Amino acid sequence: MVQNWLVVGIVSGLISVGVALYLYFWVMKQDAGSEKAQEVAGWIREGAASYLKRLYTALTLVAVILGVIIAVVFSFDLNQVGNGPMEFNIATGLETAGAFIVGALCSALAGYMGMSVAVQANVRSAVAVAEHLNKGFKVAFFAGAVMGLAMVGLAVAGMSTIYLVTNNPEVVLGFSFGASTLALLAKAGGGIYTKTADIAADLVGKVEVGIPEDDPRNPAVVADNVGDNVGDVAGMGADIFDSYVASAVAAMLLGVAMGGHLGEMYTIFPLILCILGIYASLIGIQFVRVGKNGKPGKALNFGTVITCIIFGVMVLALVLVGGFDISVFWSTVTGLVTGVLIGFTTEYFTSEDFKPVLETAKVSDSGAAITIITGFSYGLLSIIPSVVGVVIAMLISYHVAEASGVITGIYGIGISAVGMLAISGMIVSSDAYGPIVDNARGIAEMAGMDHEVIEKADVLDSAGNTAKAITKGFSISAAALTVLALFAAYAEVIEAHGITLNISLRSPLVVAGVFLGAMTPPIFSALTMLSVTHNAFDMIEEIRRQFRAEPGILKGTVVPDYKTCVSLAAEGALSSLVIPAFLAVGLPLLVGFILGPDALGGFLGGAIFTGVVFALFMSNAGGLWDNSKKFIETGKYGGVGSEAHKASVVGDTVGDPFKDTAGPSLNTLITVMSLVSTLFAPVIAVFHIF
């Protein structure tokens, strides 16, 4: 049965990638617009491709170095320590290292496919929206679906292939670690890039010289639009790919721990859920349509709800026909429903239809300080629904599973995380739609399209901002459940090597680990945001220099030097990744090898607690400030150029690195730290000082 399902997984993954390619070619057939629009899109496309080439070149070097280390370390039979000389079997090490490389490649390929279609779809969406808002929406959403379907297809095909070849979930863990390592660096690097350009463009363009957003006279405008693609498409795609794979692998490892035929059944079950999620997403995508007078945001939400219902019915049929215990159905549904509810409560705090955004816009008349305090406060309040949701999902799935007498409670939590992420094909499609319509709006402005077209693009863009905020809340909450399952998997691996974990707050070593773990997400956030401010400062000086040196730029008679700003953003982003990468991979290993397995358990706990809270707060506060500014730009409270607008621009600028750099990178950070701890747990169990 296991082999049959793995073959189905490979085929299903290839079908998903095939549909993604079909949608890619459909998008490419759409009208690319005037020569001017194509020229602007070409600048963005060239800048994005240049950055990704430099990023993936650097990441290839990182992957090769880590791959060699993994190959050497896992070639030793650590069970022989203390019982004579250790055996060295290079084939075992190469299995894990190969899975690591393949995971990194699949993550990179998913991000690259998404970005490739995004930089083609942006101009086509802008042209289509000139004809009709619904047509522009369709082009952007189908382009986003290329990313969503490619991501889940590559993930399921990759995991199924590796498990079919090796029959060892611990090797699949290597695949997950490869995906996560690349995702962290791609997301953090893309976030630094995009916000460097965004902040510089806004502060000089809007605040200092008073030109509109996406005005072609701004030297940073191309870098800003490039950033949408490398940060919000390629980066976020790699990020969700990481959580999606990690949740499945964590549940697989917990299934193996059950042993025997029961263990076989429940080891494959997470992969089956991912397979069903592919088909539910393929069907759900067909239901995403904007009615004649409908709103894009409602269409995206409707598609998500339909996908959830279809997936729930599929899982129930699987459990009833496949002989699985009914408790796994309830655990799956708990995660699924919680994920959707968290997404929708995130919308409450970030959409212009609700009080937090409206109140923040209203108080902007009183200046930037009140704008920031109000948004900051609502950002803190926004963590309540997500944290409570995660707690409820965790407790329900745990106790339902324990009460079954068939599966363990912690396995139920793992399945809840998989249930939350199984429909990622649909979730990522909605998310990738956001930066595409953002770019479409920018191209419409830069190419000199009619004001009516820009207004229609603004409607799509506002829905895209909310969709991005919902996805971030969803992915952060899913990461919280995933790392809890990985935490349990870490304990299983350690105890399998004869060490009983004692993670008690009465132990000084454990408390030391908790404090070290708790400080890591804030430090990571500070480093990435400081990178943004340092790089933005350099770009601001470059924009001012161009304006001083060539007055014709602001008159519209001279084209700015866009390439210098693109190059500054790329160089700054890549050079800023070294210390964050060490925090994610090196610090957990240092804690484990020096302070021991118990302290490392405390370290992971501390990182999970502060990481989830910081990620939710920063992502939601940033989204709130952004949409508050957009609400004022519709003409409310004086509109563009008013004192309220200037204050909202400052709030949005503060929120930019919150929501697009530090916040969404934190869930990947805690996942990577949990994965590296679990992967190297056999080594830490044998070699530690305390």
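Residue numbers start at 1 and run along the sequence shown. Because the structure is a prediction, the values reported are computed rather than measured.
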*Where do F593 and V683 land on the side chain to side chain contact (heavy atoms under 4.5 Å, CB included) test, with the steps shown first?*
CA-CA 9 Å; F593 287 129; V683 187; 3.8 Å; yes
Where the side chain of [X] meets the backbone of [Y], is there a donor-acceptor pair that is under 3.5 Å apart?
X: S160; Y: A157; value: no
X: E495; Y: T500; value: no
X: S281; Y: M426; value: yes
X: T528; Y: S525; value: yes
X: S176; Y: L173; value: no
X: S424; Y: L421; value: yes
X: T332; Y: G419; value: no
X: D598; Y: V510; value: no
X: S247; Y: Y244; value: yes
X: S107; Y: G103; value: no

Would you say that [X] contacts [Y] through its side chain, given a criterion of any heavy-atom pair below 4.5 Å between the two side chains?
X: I240; Y: M151; answer: yes
X: I275; Y: W5; answer: yes
X: L66; Y: V62; answer: yes
X: V493; Y: P682; answer: yes
X: S674; Y: Y490; answer: no
X: V676; Y: L589; answer: yes
X: I415; Y: S397; answer: no
X: F515; Y: F603; answer: no

*For I579, look at atom CD1 and say whether over 12 heavy atoms of other residues, nucleotides or ligands are found less than 6.0 Å away.*
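At most 12 heavy atoms, drawn from other residues, nucleotides or ligands, come within 6.0 Å of this atom.
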*Could you check L273 against V328 for side chain to side chain contact (heavy atoms under 4.5 Å, CB included), going step by step and ending with a plain yes or no?*
CA-CA 10 Å; L273 289 182; V328 292; over 6 Å; no
Residues in side-chain hydrogen bond (donor to acceptor under 3.5 Å, both in side chains) contact with [X], at least two apart in sequence or another chain:
X: Y279; answer: S12
X: S180; answer: D242
X: S327; answer: D325

*asked:* Just checking Y348 against Y378, ring centres under 6.0 Å apart?
replied: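 Between Y348 and Y378, the centre distance exceeds or equals 6.0 Å.
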Within this structure, what is the [atom1]-[atom2] distance for the pair [X] and [Y], rounded to the nearest 0.5 Å?
X: I410; Y: M394; atom1: CD1; atom2: CE; value: 8.5 Å
X: E492; Y: L254; atom1: CD; atom2: CG; value: 6.0 Å
X: T304; Y: I309; atom1: OG1; atom2: CD1; value: 11.0 Å
X: L624; Y: S382; atom1: CG; atom2: OG; value: 8.5 Å
X: L184; Y: L583; atom1: CG; atom2: CG; value: 9.5 Å
X: T334; Y: I413; atom1: OG1; atom2: CD1; value: 11.0 Å

Closest contact, heavy atoms only, [X] versus [Y]:
X: V152; Y: S16; answer: CG2-OG, 3.6 Å
X: S243; Y: N667; answer: OG-ND2, 4.1 Å
X: S386; Y: I342; answer: OG-CG2, 3.3 Å
X: G303; Y: T307; answer: O-OG1, 2.7 Å
X: V172; Y: M252; answer: CG2-CE, 4.5 Å
X: M618; Y: F658; answer: O-CB, 3.4 Å

*Does the pair F487 and I503 meet the rule for a side chain to side chain contact (heavy atoms under 4.5 Å, CB included), with working shown?*
CA-CA 12 Å; F487 185 82; I503 306 176; 3.5 Å; yes
*Going by the side chain to side chain donor-acceptor pair (under 3.5 Å) test, which pairs reach into residues 408-421, not counting sequence neighbours?*
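Matches after skipping sequence neighbours: none remain.
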What pairs of donor and acceptor atoms, side-chain ones from residues 604-612 against any protein atom, are under 3.5 angstrom apart with sequence neighbours left out?
{"from": "T610", "atom 1": "OG1", "to": "A518", "atom 2": "O", "distance (Å)": "3.0"}
{"from": "T610", "atom 1": "OG1", "to": "G606", "atom 2": "O", "distance (Å)": "3.2"}

_Residue that, paired with L595, satisfies side chain to side chain contact (heavy atoms under 4.5 Å, CB included) out of L600, L516, I689_ =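 Of L600, L516, I689, side chain to side chain contact (heavy atoms under 4.5 Å, CB included) with L595 is met by L516 alone.
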*Can you run down the ring pair (Phe, Tyr, Trp, His ring centres under 6.0 Å) pairs that involve residues 149-190, sequence neighbours left out, and say none if there aren't any?*
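Of all non-adjacent pairs touching residues 149-190, those that pass ring pair (Phe, Tyr, Trp, His ring centres under 6.0 Å) are F100-F177.
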*Taking it one step at a time, do I306 and I310 satisfy side chain to side chain contact (heavy atoms under 4.5 Å, CB included)?*
CA-CA 6 Å; I306 289 291; I310 294 168; 3.6 Å; yes
_Parallel, tilted or perpendicular, as decided by the 30° and 60° cut-offs, for the rings of F269 and F324_ =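 The rings of F324 and F269 sit tilted, inter-plane angle from 30° to 60°.
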